[in-house]
Undergrad: 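Shown below is the structure under consideration.
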There are 2 protein chains.
Amino acid sequence: MDKKAVLSALSALSQETRLDVFRLLVQAGPDGLPAGAIAEALGVAPNTLSFHLAQLNHAGLIAQRRESRSLIYSAEYSHMNALMGFLMENCCGLPANAAACGPICATAPEAANGESTASSPRRRV
Amino acid sequence: MDKKAVLSALSALSQETRLDVFRLLVQAGPDGLPAGAIAEALGVAPNTLSFHLAQLNHAGLIAQRRESRSLIYSAEYSHMNALMGFLMENCCGLPANAAACGPICATAPEAANGESTASSPRRRV
DNA sequence: GGCATAATTCCACTTACATTGAATTATGGA
DNA sequence: TCCATAATTCAATGTAAGTGGAATTATGCC
């Protein structure tokens, strides 16, 4: 995950409606929700919601799939985990910081490189 | 941590210069860095940096302390951890999601509620 | 084909954000 | 006290983001 992707994800989440949408989808689970259900749940106009869904989708935070007439959106958990890893990158490696960095510490190097399965890379300054 | 604080933190981080500043401070450790050193390291004008430091500080992501003529800034790790917890709130609780939610899962409830100050003791995972 | 539903795209508008240069506050030393 | 350093605050400008209304695309059913 590069800085551009991180900025894109953070920008997407730094808006109230989009934050609400994302959290709703996180809690909805892998099955996701159709756009209409999201709009109704949050009380947002359909066109406005479309705009925000596009931003989240483009940022890689949510996925889209069609099911008949409905477009179903669902959270991309892996992308979120990669984002967190990036923010704390090169934090846990410092002996002095180990305690402060928190729960992400144990797995940060992998999360930072996204898509999991990464096992070796550590330092990048 | 409430939604307002989360939005404030995400807005602060969704800007390239501020993201660079925060990551630099995360990697610098609890001792932090003076404003001038940050400005030089990132190649940003002093007044512009001041503006961004104020935003990060107001969002609770960094702390400020004076040391002679210098103002030293340091990362607020606990705030960052609380932010991550909030984003994944009510995710790990769902049996279907447990695997997808990732590393934060094990400690999310605490991070989400924790208003504690920097370097607070954290439970083992 | 004709019609209704689901959602998106396009357009104009208003507001908020980031940057720049000049002026100001705070600290330390001669 | 006077001056230099460290950093912030103020005022002005250009650009990007969010919202609302009307029109458009995609799918399903009769």
Undergrad: Nearest-Å distance, CD (Gln55(B)) to C1' (dA18(C))?
TA: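 Nearest whole value for this atom pair: 9 Å.
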Undergrad: Would you say the side-chain atoms of Gln15(A) pair up with the backbone N or O of Thr17(A), donor to acceptor, closer than 3.5 Å?
TA: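 Checked: pair present.
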Undergrad: I need the CD-P distance between Glu67(B) and dA7(D), as an integer number of Å.
TA: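 Between P of dA7(D) and CD of Glu67(B): 11 Å.
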Undergrad: Check whether any side-chain N or O of Tyr73(A) sits under 3.5 Å from a backbone N or O of Gly32(A) as a donor-acceptor pair, and report yes or no.
TA: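 Answer holds: no.
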Undergrad: Taking Ser68(A)'s backbone N and O only, do any of them form a donor-acceptor pair with Arg66(A)'s side chain (distance below 3.5 Å, no angle check)?
TA: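 Pair found, side chain donor or acceptor close to backbone of Ser68(A).
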Undergrad: Would you indicate which nucleotide in dA18(C), dA7(D), dT8(C) comes nearest to any side-chain atom of Phe51(B)?
TA: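 Among dA18(C), dA7(D), dT8(C), the one nearest the side chain of Phe51(B) is dA18(C).
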Undergrad: Heavy atoms from C-beta onward define the side chain here; which of dT9(D), dT8(C), dA26(D) lies closest to that of Ala35(A)?
TA: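 Selected nucleotide (nearest to the side chain): dT8(C).
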Undergrad: Round to the nearest Å and state the distance from Leu53(A) atom CG to dG18(D) atom C1'.
TA: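 Computing the Leu53(A):CG to dG18(D):C1' distance gives 15 Å.
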Undergrad: Looking only at side-chain atoms of Pro34(B), point me to the closest of dA7(D), dA6(D), dT19(C).
TA: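 In terms of side-chain proximity for Pro34(B), the closest of dA7(D), dA6(D), dT19(C) is dA7(D).
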Undergrad: Using only side-chain N and O atoms of His52(B), determine if any of them is under 4.0 Å from OP1 or OP2 of dT19(C).
TA: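 Yes.
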Undergrad: Tell me: CG of Leu33(A) to C1' of dA7(C), nearest whole Å?
TA: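 It is 15 Å, rounded to the nearest whole Å.
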Undergrad: Give the nucleotide from the list dT19(D), dT8(D), dT19(C) with an atom nearest to the side chain of Thr48(A).
TA: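 Closest nucleotide to the Thr48(A) side chain: dT19(D).
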Undergrad: Find the distance Leu7(A):CG to dC17(C):P and express it as a whole number of Å.
TA: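 My rounded result for the distance is 17 Å.
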Undergrad: Find the distance Glu40(A):CD to dA7(C):P and express it as a whole number of Å.
TA: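 Taking atom P of dA7(C) as the reference, CD of Glu40(A) is at 11 Å.
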Undergrad: Please determine, for the side chain of Arg69(B), which listed nucleotide (dA4(D), dG18(D), dT8(D)) has the closest atom?
TA: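 The nucleotide sitting nearest to the side chain is dA4(D).
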Undergrad: Starting at the 5' end of DNA chain D, which residue's closest nucleotide do you reach first, Arg66(A) or Ala54(B)?
TA: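 Result: Ala54(B).
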Undergrad: How many whole angstroms separate atom CG of Leu19(B) from atom P of dA18(C)?
TA: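 Leu19(B) atom CG is separated from dA18(C) atom P by 13 Å.
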Undergrad: Within a 6.0 Å radius of atom CD on Gln64(B), are there more than 12 heavy atoms belonging to other residues, nucleotides or ligands?
TA: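 Yes, because the 6.0 Å sphere around CD of Gln64(B) holds more than 12 heavy atoms from other groups.
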Undergrad: Quick one: is Ser68(B) getting a side-chain N or O under 4.0 Å of the dT27(C) phosphate, OP1 or OP2?
TA: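 No, Ser68(B) has no side-chain N/O under 4.0 Å of OP1/OP2 on dT27(C).
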Undergrad: According to a strict under-4.0 Å criterion, is Tyr73(A) in side-chain N/O contact with OP1 or OP2 of dA6(C)?
TA: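 No, because none of the side-chain N or O atoms of Tyr73(A) sits under 4.0 Å from OP1 or OP2 of dA6(C).
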Undergrad: Would you indicate, yes or no, if dA6(D) has its OP1 or OP2 atom less than 4.0 angstrom from a side-chain nitrogen or oxygen of Ser70(B)?
TA: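 Indeed not, no polar side-chain atom of Ser70(B) lies that close.
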Undergrad: Does the Asn57(A) side chain pair with the main chain of Leu53(A), one donor and one acceptor, at a distance under 3.5 Å?
TA: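 Here the side-chain-to-backbone pair does not exist.
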Undergrad: Which one, dT8(C), dT19(C), dG18(D), comes nearest to the side chain of Leu71(A)?
TA: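 Looking only at heavy atoms from C-beta outward on Leu71(A), the closest nucleotide is dT8(C).
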Undergrad: Distance check needed: dA7(D) C1' versus Leu42(B) CG, whole Å only.
TA: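 It is 16 Å, rounded to the nearest whole Å.
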Undergrad: Closest to the Asn47(B) side chain: dA7(C), dT19(D), dT8(D)?
TA: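 Output: dT8(D).
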